[in-house]
Amino acid sequence: MSDTGFTIWLTGLSGAGKSTISKEIERRLNAIGRNVEIMDGDVIRTNLSKGLGFSREDRITNNKRIAFVCSLLTRNGVACIAAAISPYREAREWARETIGNFVEVYVKCPLEICEERDVKGLYRLVKEGKKKEFTGKDDPYEEPEYADLVVETDRETVAESVDRILAKLVELEYLSAAIIG
Ligand code: ADP
């Protein structure tokens, strides 16, 4: 039987843990022989979405492009992970409708903790006035109202968050229970 494709859509602030969680999910899925594609927002902005800015319109266009590619991969049996801030509900809903086998995960972490982590040094640039239109600071983040799952990365370990995401995929019958067995 061929594998069921699906997309895990991780949304959350910069530094919340989307990339970290993606890589760990990829490792776990590769271990059971699944093909995985991570659509990382930072990477996509250097190719597929090169030239787009950070206005509401451009952010939505960026997310729709990611969703479109995810829809192609998903229908071909790939386990797809989108790791992009995706601050607007409108774009996330478009992704859900376009992709079909879709799980929205809110990677939740208080802004202050993301600022403390400052993994990419971006919050420092914002503080120094060298970066504008930054989500959570001077640009909006619309919290998901109907996420399929919320992981709280200031309270859970990476392994705990990933286990909960995989359990949700089993519950939705996108994955066999063997992954968590
Ligand atoms: P994002 O991709 O959302 O911008 P990153 O994954 O690059 O965020 O950075 C998140 C940081 O938070 C990493 O340094 C990671 O080690 C740390 N972290 C601590 N706890 C967690 C957790 N439960 N899930 C994900 N990341 C976590």
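Every number for a ligand or one of its atoms is a count from 1 in the order of the listing.
At a threshold of 4.5 Å between non-hydrogen side-chain atoms, the residues Val69 and Leu48 count as touching. Taking the side chain as every heavy atom from C-beta outward, Val151 and Lys108 never approach each other to under 4.5 Å.
Ligand 1 lies within reach of Leu13, whose nearest heavy atom is under 4.0 Å from it. A heavy-atom separation below 4.0 Å is not found between Gly12 and ligand 1. Judged by the shortest distance from any of its heavy atoms, Lys120 lies inside the 4.0 Å radius around the atoms of ligand 1. Residue contact annotation: Ser161 has a non-hydrogen atom under 4.0 Å from ligand 1.
Considering both main-chain and side-chain atoms, Val119 never comes within under 3.5 Å of ligand 1 through any nitrogen or oxygen pair. Ligand 1 has an N or O atom lying under 3.5 Å from an N or O atom of Gly15, backbone or side chain.
Contacts between Val151 and ligand 1 below 4.0 angstrom, taking non-hydrogen atoms only, are absent altogether. Residue Arg117 touches ligand 1 through its side chain alone, judged by heavy-atom distances below 4.0 Å. Residue Val158 touches ligand 1 through backbone and side chain together, judged by heavy-atom distances below 4.0 Å.
Electrostatic pairing of Arg34 and Asp3 counts as a salt bridge here, judged by a charged N lying under 4.0 Å from a carboxylate O.
Both the sub-6.0 Å distance and the 45° axial angle are not jointly satisfied by Lys132 relative to the ring of Phe54. Cation-pi geometry between Arg92 and Tyr141 is met: the NZ or CZ atom falls under 6.0 Å from the ring centre, inside 45° of the normal. For Arg89 and Tyr146, the positive end is not near the middle of the six-membered ring at less than 6.0 Å and at most 45° from its axis.
Scanning the protein heavy atoms around atom 23 (N) of ligand 1, the nearest turns out to be Glu156 O, 2.7 Å. The shortest contact between atom 6 (O) of ligand 1 and any protein heavy atom is with Thr20 OG1, 2.5 Å. Looking only at protein heavy atoms, the nearest one to atom 8 (O) of ligand 1 is Gly17 N, 3.1 Å. Nearest non-hydrogen protein atom to atom 20 (N) of ligand 1 is Thr153 O, 3.4 Å.
Atoms of ligand 1 lying under 4.0 Å from any heavy atom of Ser14, numbered from 1 in the order shown and given with element: 4 (O). Of all atoms in ligand 1, numbered sequentially from 1 with element shown, those under 4.0 Å from a heavy atom of Thr157 are 23 (N).
Looking at Thr98 and Ser71, their side chains never bring a donor and an acceptor atom within 3.5 Å of each other. With hydrogens and angles left out, the side-chain atoms of Ser19 and Asp40 include a donor and acceptor closer than 3.5 Å.
Listed by first and then second residue, the salt bridge (Lys or Arg N to Asp or Glu O under 4.0 Å) pairs involving residues 58-71 are Arg59-Asp139 (not counting sequence neighbours).
Residues Ile44 and Trp9 are members of one and the same hydrophobic cluster, defined by side-chain heavy-atom contacts under 4.5 angstrom among Ile, Leu, Val, Met, Phe, Trp and Tyr.
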